[in-house]
Every structure is written in C-alpha cells, then in structure tokens.
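Computed over heavy atoms, backbone and side chain alike; hydrogens, waters and symmetry mates excluded.
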Amino acid sequence: MLNETEFRTEDLPAGERFEAWEELLSHAHAPMHQTTEFAADFRAHVRLIELGEVVVWPAQWPHLTFHRTPRLIRQSDPEHCHLSLCMSGNAVAQWQRSEAAYHAYDFHVTDTSIPYDIMTDPRTPITMIGVEVPKTLLGLPWGRAQQIVGRGLSGREGVGALLAQFLTGVTGDTSVYRPADGQRLAWVLSDLVTALFAQALEAEGELAPEARTRTLALEVKSFIRRNLRDADLTPSSVAAARNISRGHLHRLFQAEGTTVAAFIRDQRLEAARRDLTDPGQSGTPIHAIAARWGFRDHATFTRTFRSAYGVTPRDYRHAPVLAGPAAAPAE
C-alpha cells in the first residue's frame with residue numbers, strides 16, 4: 001500500500017490532543033497558529049498519504065481558526081501550493097483585503113508564501129481532503145498560477161470534478177496501490193491541478209504539450225467510465241463526444257500500451273464483476289448484469305469474463321475468491 005500515517009486525537013490523553021494536532025498539521029502543511037474553543041477535549045482525525053513529493057491528507061475536525069503569519073513564513077516556507085477539497089461543512093478564508101467562502105465540493109487554494117486566516121464554521125465539523133503540491137511540479141509558472149489564490153473553483157464539474165473524483169478515489173482505499181505507484185499518482189495529481197488552474201485562468205494554451213495530452217487522456221477515461229452502460233459506446237463515439245479524431249484517441253491509449261476498445265471492455269468487465277459480488281444483487285440474472293454494462297450478447301460476455309478472470313460469471317458469483325482482479329487505477 002501507499003506510505004500512509006493515520007492520527008486520531010482520541011488516541012491521546014485529552015490534555016495532549018490539541019498540541020499534538022497543531023504540530024502534525026503544521027508539519028503536513030506549513031507552520032500555523034491554531035485556535036479553537038474545543039482545545040480541552042479536541043477530537044479530530046487525519047491521514048497523511050505520501051505520493052512522492054506530493055502529500056494528500058483527508059481530515060475532519062471541529063471549529064478551528066488557522067493563522068499563517070508573516071513571521072511564520074519567514075521562519076519556514078515549504079514553497080507549496082495547497083488545495084483543500086471541502087467535502088462537508090463551510091469555511092471562510094482571508095488574504096490581506098480578499099475574502100472567499102467555501103462550501104461542499106469547492107476547492108480552496110492557498111500559497112504557503114503569503115499570510116492568511118481560515119475560519120471553519122463553528123456550527124458543524126468540517127471534512128476535507130488537503131493536497132500539498134510543490135510549486136515546481138505545476139505545469140504553469142507560479143507567477144501565473146498564483147493568480148488562482150482566492151478564486152472559487154468548483155469540484156462539481158469539468159476538470160474540477162475529475163480532480164475531486166481522483167482525490168476521493170485515491171484516499172478511499174490506499175491498500176490497492178503499491179508504494180511504487182505513489183510517484184505515478186503524484187504526476188497525475190499535479191497534471192490535474194495544473195489543468196484546473198489553466199482552465200480557470202483561460203490559460204490552456206500555456207500548458208506543456210505533455211501535460212495537455214495526459215489531462216486529455218484522463219478526461220477521456222472519465223467519460224468512458226461514466227458511459228459504460230451505453231451499449232453504443234465505441235472508440236468512434238468517444239472520439240466524437242470529445243471532439244478529437246479517432247487517430248488522436250488511439251494514440252492516447254497506445255502510449256499506455258493498450259487500446260480504446262480494450263479499455264472499454266476491461267472497465268465493463270470490472271463493473272459487472274463488482275455487481276456479481278454484491279449481495280444486494282444476488283437475485284439479478286447474470287444476463288441482466290451483462291446488459292446493464294453494455295454487453296449485447298450473453299455468450300460473448302461469458303466468454304470474455306472467463307478469459308479475464310479464469311472462471312465463468314456464474315462460478316465467480318458463487319465463489320468470488322476464485323478470482324482476484326487487479327484494482328483499477330485511480331486515473
């Protein structure tokens with residue numbers, strides 16, 4: 001699995017919790033002063049997940065105020081771009097004369113090199129996914145990218161939704177990845193952050209060709225996964241929907257050693273395999289599951305499934321431990 005550290009304040013005596021939390025979060029992000037009315041019995045949870053130079057940290061905590069002051073910046077600055085994906089709760093951030101409010105599925109962006117204050121809503125705990133990306137890993141010059149600080153970015157549509165999906169997928173279960181996958185995931189994450197910034201700044205033309213290509217591949221894969229139930233989903237329909245040529249589409253997948261048709265087939269098989277192991281669908285006929293995921297012919301589905309997993313769908317349903325498919329990559 002990935003290199004991950006989990007910290008729960010409840011594992012410490014009540015009097016030591018808040019100080020330990022302050023120290024951990026200052027290490028994960030950057031040194032900050034924190035204040036809360038819950039310091040005497042602070043209840044919070046954070047997981048630090050290392051992806052090469054990038055750190056992702058899903059967390060939950062009660063009402064807090066964070067202060068990143070000029071003095072703390074002079075003492076220590078990791079030169080990171082920070083993003084928070086708010087999953088639940090609300091927060092307000094202030095930079096000098098600017099202020100922005102954040103709600104569920106909004107991205108909040110800060111720069112560790114500038115002072116800020118962040119106040120979470122005192123009425124409810126906040127759940128979020130923090131991301132620390134070294135500025136040097138972004139595909140835009142930081143002087144350009146930092147214009148995004150303080151601007152509202154949505155995780156509900158476009159590249160923002162793709163980034164939110166990636167973050168929730170990676171943090172949902174890190175056990176399906178190997179330690180060697182960390183650097184690959186860091187590159188994917190950095191590309192998505194760069195693409196999100198470029199989209200918001202209308203600066204897509206400033207991206208390096210390699211970053212544009214990798215981001216397009218991620219967008220195409222996301223489109224395919226969302227449309228697996230469509231039996232008419234083909235390389236031609238994918239290319240038309242994404243407004244690219246079939247040749248360009250095939251080159252995206254050739255670079256990864258596969259084909260568009262194989263990717264569609266494998267994603268459909270994996271979706272059907274999950275349904276076969278779902279106790280809530282034990283009464284659903286196998287041919288109905290196959291049709292649900294775009295397989296027009298039951299015999300073809302059975303043959304393809306057996307080729308991929310070594311057993312028939314029927315045998316797999318009754319003994320799913322016989323076949324253990326590899327986890328689908330987050331991107």
Notebook entry, point to check: Which distance, rounded to the nearest 0.5 Å, do you find between the CH2 of W187 and the CD of E53?
Noted result: 10.5 Å

Check: At what distance, to the nearest 0.5 angstrom, does CE of M32 lie from OG1 of T69?
Finding: 11.0 Å

Okay, side chain of [X], backbone of [Y]: is any donor-acceptor separation there less than 3.5 Å?
X	Y	value
R268	L228	yes
T120	L64	yes
T36	A39	no
S190	A186	yes

Notebook entry, point to check: Quick one: do D315 and R306 make a salt bridge, cutoff under 4.0 Å?
Noted result: no

Any side-chain donor paired with an acceptor under 3.5 Å for [X] and [Y]?
X	Y	result
S84	H82	yes
R68	T112	no
W142	E79	no
E6	H45	yes
Q281	R292	yes
T312	T302	no

Item checked: R229 NZ/CZ over W293 ring centroid, <6.0 Å and within 45° of normal -> yes

Check: Any chance the rings of F66 and W61 have centres within less than 6.0 Å?
Finding: yes

Next item on the list: Sort and list the pairs that fulfil side chain to side chain donor-acceptor pair (under 3.5 Å) and have at least one residue in residues 152-164, not counting sequence neighbours.
Entry: D106-R156

Margin query: I need the minimum non-hydrogen distance between I126 and A91, along with the two atoms involved.
Written below: CD1-CB, 4.2 Å

